[in-house]
Amino acid sequence: MTERELRKLEATIRGKMEEIKAQRVSLKDSGIGGLMNSLKKVDEALYEKILPEYKKMAASANMFK
């Protein structure tokens, strides 16, 4: 994967995280889990950097009632 594709993947993940926070899409429907798995396979350092933000966002349990 090229550097450009990696940056695009990171931007996509961050965009989906913002959509989830704004409650425009659910965590399940966003498909962010698959993107995170792809990122882990390609660049584990970047994955480790994004993971705490992802966990914090996912832990907001009362997002969808």
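- Of the inter-residue distances, the one linking T2 atom OG1 with K8 atom NZ reads 10.0 Å to the nearest 0.5 angstrom.
- Across all their heavy atoms, S26 and I20 have their closest contact at O-CG1, 4.2 Å.
- Judged as a side chain to side chain contact (heavy atoms under 4.5 Å, CB included), and not counting sequence neighbours, the contacts of R7 are E3.
- Salt-bridge formation is not detected for the pair E18/R14: no Lys NZ or Arg NE/NH1/NH2 atom is positioned less than 4.0 Å from an Asp or Glu carboxylate oxygen.
- Note that CE of M36 is 6.5 Å distant from OH of Y54, once rounded to the nearest 0.5 Å.
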Check residues 39-48 and write down every donor-acceptor pair under 3.5 Å in which the side-chain atom is one partner and the other belongs to a residue at least two apart or another chain.
{"from": "D43", "atom 1": "OD1", "to": "A45", "atom 2": "N", "distance (Å)": "3.2"}
{"from": "D43", "atom 1": "OD1", "to": "L46", "atom 2": "N", "distance (Å)": "3.2"}

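- With rounding to the nearest 0.5 angstrom, the CG atom of L9 is 6.0 Å from the CG atom of L35.
- Residue E53 holds its CD atom at 5.0 Å from CE of M17, rounded to the nearest 0.5 Å.
- Here I13 contributes atom CD1 and I50 contributes atom CD1; the two are 5.0 Å apart, rounded to the nearest 0.5 Å.
- Using a distance-only test at 3.5 Å, with no hydrogens or angles considered, a donor-acceptor pair links the side chain of K16 to the main chain of S30.
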